[in-house]
Amino acid sequence: MTRVGLIRLVVIAALIGALELACRTGLIDHRIIIAPSEMASALWTLLASGSLDADIARTLGLIGLVTALSIVLGFAAGVAIHALPRLREALDPFFATYYAVPVFIFYPVLIAIFGLTLMPIVLIGVSTAIVAMIIATLNGLDRVPRVLGKVARVHRLGRIATALQLQLPAAAPYLFTGIKLAVSYGFIAVIAAEFILSPAGLGRDIADAYADFNNRRMYALILFLLVVATLVNAVLHSLDMRFAARRSGGRA
Amino acid sequence: MSTARRTADTLLLLAGLVVFWEILHRAAGETAMPAPLPTFAYLLHNLTTPRFIANLTTTGLELGYALLLAYGIGLAIGVWLGAHRLSGAVGEPILVSLYSLPKITLYPVVLLIFGLGISGKVAFGALHGVLPVALLTMGAIRAIPPVYLRAARALQLSPWQTITIVLLPAALPEVFTGLRIGFTVTLLGVLLGEMFASKEGLGAMIIDALQLVQGEEMMTVAIVLFAFAALANGLLFFVEHRLRRV
């Protein structure tokens with residue numbers, strides 16, 4: 001491990017240790033924050049009991065569904081919009097402001113239309129995540145080098161072969177950025193929707209535990225979600241690094 | 001000519017959105033989704049009611065305080081991590097991973113610490129805004145050519161003078177990008193905070209309207225928030241554009 005990595009580990013350990021100490025000595029009231037070791041043991045008991053399984057499956061399944069839909073539909077929409085320059089010019093102002101407006105505020109409106117089913121969560125998740133994928137697809141297609149079109153013509157490649165063998169690999173880094181954002185937005189939107197108003201799911205569990213003053217359960221659930229999110233981000237980050245290394249390796 | 005056409009196309013799309021809304025209204029029914037025209041009438045009629053103004057003021061106040069905190073703390077962290085190489089190397093990955101966490105999971109913790117009043121929502125909004133401001137400020141300061149710092153040393157400027165006279169002006173355009181993104185996410189944080197366990201503010205108004213099956217009110221608040229966010233973003237974007245050209 002590098003020296004910087006070691007220092008980072010020490011800093012994080014010190015922060016957690018300080019929190020542990022402050023909680024154990026009563027400096028921080030256990031009605032506000034419980035000690036990190038207690039959070040971990042509470043999470044362990046909760047996971048071992050199996051009572052959380054249904055909600056974990058529901059929430060992670062929803063996040064997976066939202067992300068997959070956003071990536072597939074966003075990519076298709078991006079390709080279509082790229083082929084229609086006039087539509088794209090008209091859409092540009094929408095794309096530029098989309099993430100500046102709180103789209104999430106439409107979640108209650110969706111509940112009013114579809115009721116407390118899975119539909120509002122899926123729709124708010126997809127509408128949050130899909131635009132990042134569309135923008136990333138447009139960016140990627142914009143940056144496919146022109147010379148590749150000539151290469152395709154020289155090799156007499158068909159439309160599909162050109163797309164699969166030349167354009168897709170050239171756009172891949174941008175597409176991956178879109179995928180990363182879609183995962184992250186999907187995660188945030190699903191959890192937020194569940195937290196605000198939903199019949200079930202981990203977000204709802206946290207809100208319930210908060211309302212019941214059940215701090216052990218609440219902190220266990222929070223810890224679980226933060227660990228899952230951190231793991232997912234770490235996997236995506238390492239994939240990103242690997243792609244980048246391969247690209248620069250190929251060029252050198 | 002082409003700008004005119006582009007504007008016309010964009011307006012056409014906006015009109016398409018209103019048509020889509022009307023179709024949604026026909027499909028979903030009067031209570032779930034009110035029609036566009038009655039909603040706009042409702043909007044014009046209710047924007048000036050004391051109840052709406054009170055909620056608007058609450059949200060505005062919360063947003064203001066949250067921005068003050070997010071900008072202050074974010075800039076301080078960003079300058080520190082940008083100027084001190086080791087701190088930056090240690091701190092950046094921590095900030096990046098915190099940035100991508102779903103912060104809504106931490107809202108109960110914020111509520112336990114700061115309480116259910118205005119301060120909980122302010123803290124939650126600031127929690128959202130601090131990270132992008134800090135990260136972009138750090139990046140901006142790192143991108144400053146080292147020769148500026150050597151010049152500052154040659155002129156024997158104090159650390160404070162170095163920050164205010166050399167570092168901040170050089171980093172301003174990118175720092176401003178951080179402030180713009182910080183604004184957006186802080187607003188989102190404040191609204192999310194209001195949507196859960198709150199009685200005041202526009203976010204709470206939307207949830208109340210949902211429970212009272214007040215479609216017009218929900219759409220009215222959403223439109224007002226959209227318009228405000230888009231306008232503020234446009235304004236900040238304009239300033240940022242000007243800064244970059246100088």
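Letters A, B, ... are given to chains in the order of the sequence lines, protein chains preceding strands, and every chain is numbered from 1. Since we're looking at a predicted model, the values are computed, not measured.
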Practice prompt. Answer yes or no: is there a side-chain heavy-atom contact under 4.5 Å between I105(A) and M218(B)?
Written response: no
Rounded to the nearest 0.5 Å, the CZ atom of F104(A) sits from the CD1 atom of I206(B) at a distance of 10.5 Å
Whatever's closer than 4.5 Å to a heavy atom in chain B on L202(A) counts as neither
Honestly, the part of L226(A) sitting under 4.5 Å from a heavy atom of chain B is both
**Study point:** Audit row: F106(A), M219(B), side chain to side chain contact (heavy atoms under 4.5 Å, CB included) steps and yes/no
**Key:** CA-CA 8 Å; F106(A) 265 120; M219(B) 289 304 286; 3.7 Å; yes
> Can you find a pair of side-chain heavy atoms, one from P108(A) and one from I207(B), that are under 4.5 Å apart?
Replying inline: yes
*asked:* Before you tell me yes or no, could you show the steps for V101(A) and L225(B) under side chain to side chain contact (heavy atoms under 4.5 Å, CB included), namely the whole-Å CA-CA distance, both residues' side-chain angles and the distance that decides it to 0.1 Å?
replied: CA-CA 8 Å; V101(A) 294; L225(B) 281 171; over 6 Å; no
Residue set satisfying side chain to side chain contact (heavy atoms under 4.5 Å, CB included) with V235(A), at least two apart, ordered chain then number -> L239(A)
When the 4.5 angstrom heavy-atom criterion is applied to A96(A) and chain B, the contacting part is backbone
Okay, L221(A) and chain B: the region with an atom under 4.5 Å from a heavy atom over there is neither
Value for CD1 (I34(A)) from CG (L112(B)), rounded to nearest 0.5 Å, stands at 11.0 Å
Cut-off 4.5 Å, heavy atoms of chain B, and the answer for V109(A) is both
Cut-off 4.5 Å, heavy atoms of chain A, and the answer for L14(B) is both
Any donor-acceptor pairs between chain B and chain A, under 3.5 Å? If so, list them.
{"unit_1": "R8(A)", "atom_1": "NE", "unit_2": "V90(B)", "atom_2": "O", "d": "2.9"}
{"unit_1": "R8(A)", "atom_1": "NH2", "unit_2": "A89(B)", "atom_2": "O", "d": "2.8"}
{"unit_1": "R86(A)", "atom_1": "NE", "unit_2": "D9(B)", "atom_2": "OD1", "d": "3.4"}
{"unit_1": "R86(A)", "atom_1": "NE", "unit_2": "D9(B)", "atom_2": "OD2", "d": "2.7"}
{"unit_1": "R86(A)", "atom_1": "NH2", "unit_2": "D9(B)", "atom_2": "OD1", "d": "3.0"}
{"unit_1": "E89(A)", "atom_1": "OE1", "unit_2": "R6(B)", "atom_2": "NE", "d": "3.3"}
{"unit_1": "A90(A)", "atom_1": "O", "unit_2": "T10(B)", "atom_2": "OG1", "d": "3.2"}
{"unit_1": "N233(A)", "atom_1": "ND2", "unit_2": "S100(B)", "atom_2": "OG", "d": "3.0"}

Step by step, would you call I104(B) with I206(A) a side chain to side chain contact (heavy atoms under 4.5 Å, CB included)?
CA-CA 10 Å; I104(B) 186 88; I206(A) 294 182; over 6 Å; no
All heavy atoms of L188(B) vs all of P102(A), minimum pair found to be CD1-CB, 4.0 Å
Whatever's closer than 4.5 Å to a heavy atom in chain A on L17(B) counts as side chain
Within a strict 4.5 Å, meaning less than it, do heavy atoms of the L101(B) and F187(A) side chains meet? no
